[in-house]
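Let me begin by presenting the structure, written as structure tokens, before commenting on it.
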Amino acid sequence: MHIVFAVILLLSLCTAACWAVEGVTFHASFDRWLVGDIGAGGRTPIKQLGGSLAEGRSGMALSLDGQSYLEFPAGANIPDGAFTLCLWFRPTDWGARTYDNILGFSDTDRNALELERSHPGGQLRIIIGGPDSADGSKTRSMFSRQPLQNGEWVHIAVSVDPETALCVLYVNGEAVARLEGPGPLPQNPASLLVGCGWGRLQRAVSGLIDDVTILA
């Protein structure tokens with residue numbers, strides 16, 4: 001699916017019936033439970049540490065206090081190839097840690113894709129690294145233009161196309177950063193982490209997360 005079209009589609013449908021969209025491999029609305037609505041690789045968390053439901057941008061959302069996160073199986077939930085990831089996020093204590101992680105693929109700082117706080121600026125930072133990025137040489141980063149603000153909802157989308165070696169970051173539907181040749185992508189990452197990154201509680205975020213969607 002064309003990257004721009006995919007982002008526009010997800011932005012319009014992230015609060016609607018995403019399960020009706022062809023190509024969705026994972027979707028968690030958090031409207032009724034802390035379980036995914038769709039999960040090609042499994043929709044039940046393999047680990048739940050805290051977390052609760054609270055009023056979201058539309059319906060309910062996942063509420064996190066910096067000491068909680070959900071871990072879903074990766075597998076088919078994360079496409080092997082081009083994909084678009086999107087979610088709604090409202091931070092409540094942005095900057096409580098050096099790195100607040102909203103979502104991550106992987107269990108280590110290698111073979112990962114992470115959505116985290118940029119230190120010290122407070123912008124959104126996207127980290128992309130393949131399995132051979134132990135020395136950091138093939139890990140790439142991209143940043144939002146403005147810091148995220150406590151109490152404000154923001155729509156985040158990341159589209160990755162290995163065939164064209166292009167990665168684009170969208171904030172509220174606007175392309176704000178792009179990488180040509182983003183380097184190796186995660187290959188069969190171990191986990192899909194919501195509310196933290198590879199450092200688990202060391203990088204757990206405080207805030208609300210709504211409508212996490214991955215589209216192949």
Out of curiosity, Leu70 CG to Ile209 CD1, how far, rounded to the nearest 0.5 Å?
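Nearest 0.5 Å value for the CG-CD1 distance: 8.5 Å.
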Who are the salt bridge (charged side-chain N to carboxylate O under 4.0 Å, His left out) partners of Arg90, not counting sequence neighbours?
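Here no residue qualifies.
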Set of residues satisfying salt bridge (charged side-chain N to carboxylate O under 4.0 Å, His left out) with respect to Glu116, sequence neighbours excluded:
Arg125, Arg203
Enclosure of [X] [atom1] (heavy-atom neighbours >12, cutoff 6.0 Å):
X      : atom1 : value
Asp80  : CG    : no
Gln146 : CD    : no
Asn188 : CG    : no

is_close_aromatic(Phe30, Trp88), centroid dist under 6.0 Å:
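Distance test on ring centres: not under 6.0 Å, no.
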Donor-acceptor pair between Thr98 and His119 side chains, under 3.5 angstrom
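Thr98 vs His119: no donor-acceptor pair found between side chains.
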Please check if the side chain of [X] supplies one atom and the backbone of [Y] the other of a donor-acceptor pair under 3.5 Å.
X      : Y      : result
Asn101 : Leu103 : no
Ser206 : Gly66  : yes
Ser106 : Arg110 : yes
Asp31  : Met60  : yes

Side-chain touch Asp210/Leu87, heavy atoms, less than 4.5 angstrom:
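No, every pair of side-chain atoms sits at 4.5 Å or beyond.
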Evaluate the side-chain proximity of Asn172 to Val154: yes if any heavy-atom separation is below 4.5 Å, no if none is.
yes
Pairs under 3.5 angstrom only: tabulate donor-acceptor contacts from the side chains of residues 38-47 to other protein residues two or more places apart or in another chain.
residue, atom, partner, partner atom, Å
Arg43, NH1, Gly36, O, 2.9
Lys47, NZ, Tyr69, OH, 3.3

Going hydrophobic residue to hydrophobic residue with side-chain gaps under 4.5 angstrom, can you get from Val205 over to Phe143?
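No, it is not one cluster - the side chains of Val205 and Phe143 are not joined through contacts under 4.5 Å.
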Would you check, one step at a time, whether the test side chain to side chain donor-acceptor pair (under 3.5 Å) holds for Glu71 with Ser191?
CA-CA 7 Å; Glu71 178 180 352; Ser191 300; 2.7 Å; yes
